[in-house]
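Have a look at the structure below, then the notes.
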Amino acid sequence: MRIYSKKLRTGFLTACCICLCLIATSARAEISLSSFDEFDTSTEGWQKGNNIPANYDTIWTANNSWNGNPGYLISRSSGSGGAGGRQLMWTNESDWTGNYLGAGVGSVQFWVDNRSGIGSDIPLRIALNGPGGWFASDAKITSDTVSGNEWGVLSFDLNPTEFTWIAGGTNDFNATLSDVNILEVLAAQNTPTLGGGGVLRGDLIASDLRFDSFSVGASVPEPTSVSLACLSALGIAFRRKRNS
């Protein structure tokens, strides 16, 4: 009886160790379902690039946002040629890079307030770069219909049917999602192109936007490699039990 119990304990502990190791490996993925930029004290790494005029750079403000909490980003564009003429901003911070597929991320969403002028429609896209190349989403419209605050949520599903390959890599959307190195937001009515600064550039457009509360949504749950490995390890433990 003691031998049986010892074997069972050993098998169970082995299975637990395997699961914990696999979970720890998975946890090293930078992007996660808890990735969230609230901009309560800074731009949190979102930027436009070099040599952008101060008025058209990504600006942090302590003013109250859509939820009454302080802090959001202001991003303007002039619509004319030269630096600052296009509406875009991007991040390569660790909480937005890495394996989106492995982390179970199925969407990216954020709050936006269009203050470009009543009647102004701004077509916004997100774009991701990785081994599969640059992919840009379909455009979603944010409108300015009233003077002052008018926050709303834009949500982008990470569905290959809603993204277009732009340049670089292997033209494989899943390859990019498996190792994202840049997440970008840009305004483009038409399909954007790759700019000289290494990020996508959209239309020359005069805009005045506020951004807040970047977050992610979960993909449809499927059996993961971690859960399958844990089940396999537990199966080994129980087989040892039966054979003891």
Side-chain angles (χ1 to χ4, degrees), residues 30-31 35 37 39 42-61 72-100 108 110 112 114-117 120-142 154 156 158 160 162-212 214:
E30 290 139 327
I31 184 74
S35 291
D37 279 351
F39 309 119
S42 72
T43 64
E44 300 199 39
W46 286 85
Q47 57 182 297
K48 288 192 173 182
N50 300 321
N51 304 316
I52 304 296
N55 191 47
Y56 298 114
D57 208 347
T58 304
I59 303 167
W60 176 81
T61 177
Y72 57 83
L73 300 187
I74 300 173
S75 181
R76 300 185 178 99
S77 58
S78 66
S80 59
R86 305 173 193 272
Q87 176 62 251
L88 64 92
M89 63 179 195
W90 53 271
T91 181
N92 59 3
E93 294 294 302
S94 62
D95 53 342
W96 292 102
T97 58
N99 189 348
Y100 280 55
V108 173
F110 53 83
V112 60
N114 183 355
R115 301 191 192 180
S116 305
S120 297
D121 290 343
I122 306 296
L124 288 179
R125 305 171 185 257
I126 66 167
L128 305 106
N129 187 40
W134 271 106
F135 286 83
S137 72
D138 296 342
K140 294 183 181 291
I141 302 298
T142 178
L154 291 184
F156 298 83
L158 301 182
E162 299 180 24
F163 279 77
T164 301
W165 176 74
I166 305 299
T170 60
N171 189 6
D172 184 338
F173 187 59
N174 283 339
T176 287
L177 284 185
S178 295
D179 192 11
V180 172
N181 56 55
I182 296 178
L183 170 64
E184 180 180 359
V185 176
L186 70 159
Q189 181 64 53
N190 303 309
T191 303
T193 58
L194 184 61
V199 295
L200 299 190
R201 61 181 183 183
D203 306 334
L204 288 170
I205 188 169
S207 63
D208 185 357
L209 303 179
R210 276 73 169 142
F211 293 95
D212 196 15
F214 276 74

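Quick note: residue numbers are just sequence positions, from 1.
- Within the 4.5 Å cutoff, the side chain of V112 has heavy atoms near those of the L124 side chain.
- The minimum heavy-atom distance between A136 and P192, with the atom names listed, is CB-CG, 3.8 Å.
- Panel note: side chain E184, backbone V199; no donor-acceptor pair is recorded below 3.5 Å.
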Would L200 and L194 satisfy side chain to side chain contact (heavy atoms under 4.5 Å, CB included), going step by step from the backbone distance to the final call? CA-CA 4 Å; L200 299 190; L194 184 61; 3.9 Å; yes
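- For the pair A83 and P53, the tightest heavy-atom approach, listed with the atom from each and the gap, is O-CD, 3.5 Å.
- Within 6.0 Å of CG in N50 there are 12 or fewer heavy atoms belonging to other residues, nucleotides or ligands.
- Within the 4.5 Å cutoff, the side chain of R76 has heavy atoms near those of the R210 side chain.
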Kindly determine whether L158 and I126 satisfy side chain to side chain contact (heavy atoms under 4.5 Å, CB included), including the steps that lead there. CA-CA 10 Å; L158 301 182; I126 66 167; 4.1 Å; yes
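- Across every non-hydrogen atom of L204 and S80, the tightest pair is CD2-O, 3.4 Å.
- For the atom pair CG of N174 and CG of D179, the computed distance is 13.0 Å after rounding to the nearest 0.5 Å.
- Between the side chain of S42 and the main chain of E44, a donor-acceptor pair closer than 3.5 Å is present.
- Note on ring orientation: taking the six-membered ring where Trp is involved, the planes of F214 and F110 are parallel (angle under 30°, cut-offs 30° and 60°).
- Side-chain atoms of E93 do not come within 3.5 Å of backbone N or O of W46 as any donor-acceptor pair.
- Checking side-chain atoms of D203 against main-chain N and O of Q189 turns up a donor-acceptor pair under 3.5 Å.
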Starting from the C-alpha separation in whole Å, work towards a yes-or-no answer on side chain to side chain contact (heavy atoms under 4.5 Å, CB included) for D95 and D37. CA-CA 9 Å; D95 53 342; D37 279 351; 3.3 Å; yes
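- With a 4.5 Å cut-off on side-chain heavy atoms, I59 and T43 do not count as touching.
- When atom types are taken as modelled, the side chain of R86 and the backbone of G202 share a donor-acceptor pair closer than 3.5 angstrom.
- Partners of R125 by side-chain hydrogen bond (donor to acceptor under 3.5 Å, both in side chains), not counting sequence neighbours: none found.
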Determine, stepwise, if the pair F135 / N171 fulfils side chain to side chain contact (heavy atoms under 4.5 Å, CB included). CA-CA 8 Å; F135 286 83; N171 189 6; 3.9 Å; yes
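- Because its NZ or CZ atom is not both nearer than 6.0 Å to the ring centre of Y56 and within 45° of the ring axis, K48 does not count as a cation-pi partner of that residue.
- Under the side-chain contact (heavy atoms from CB on, under 4.5 Å) test applied with W134, the options T164, T193, I182 reduce to a single match, I182.
- Atom-to-atom distance recorded for Q87:CD and L186:CG is 9.0 Å, nearest 0.5 angstrom.
- In this structure the side chain of I52 never reaches within 4.5 angstrom of the side chain of T58, judged on heavy atoms.
- In plain terms, the two heavy atoms of A139 and P123 that are nearest each other are CB-CB, 4.0 Å.
- Counting heavy atoms from C-beta on, the side chains of E162 and F156 never come closer than 4.5 Å.
- Side-chain N or O atoms of T142 include none that pairs as donor or acceptor with a backbone N or O of I122 at under 3.5 Å.
- S207 and S116 share no side-chain donor-acceptor pair at under 3.5 Å.
- Rounding to the nearest 0.5 angstrom, the gap separating the CD1 atom in I141 from the OG atom in S120 is 11.5 Å.
- With hydrogens and angles ignored, the 3.5 Å screen pairs a side-chain donor or acceptor of S77 with a backbone N or O of I205.
- A 4.5 Å side-chain heavy-atom check between T97 and I31 finds every atom pair outside the cut-off.
- In terms of modelled atom types and a separation under 3.5 Å, the side chain of W60 and the main chain of F39 share a donor-acceptor contact.
- Between the side chains of N129 and W90, no donor-acceptor pair of N or O atoms lies under 3.5 Å.
- Between S78 and G85, the shortest heavy-atom contact is OG-CA, 3.3 Å.
- When atom types are taken as modelled, the side chain of S75 and the backbone of L209 share no donor-acceptor pair closer than 3.5 angstrom.
- Looking only at side-chain heavy atoms (C-beta outward), F163 and T176 stay at 4.5 Å or farther from each other.
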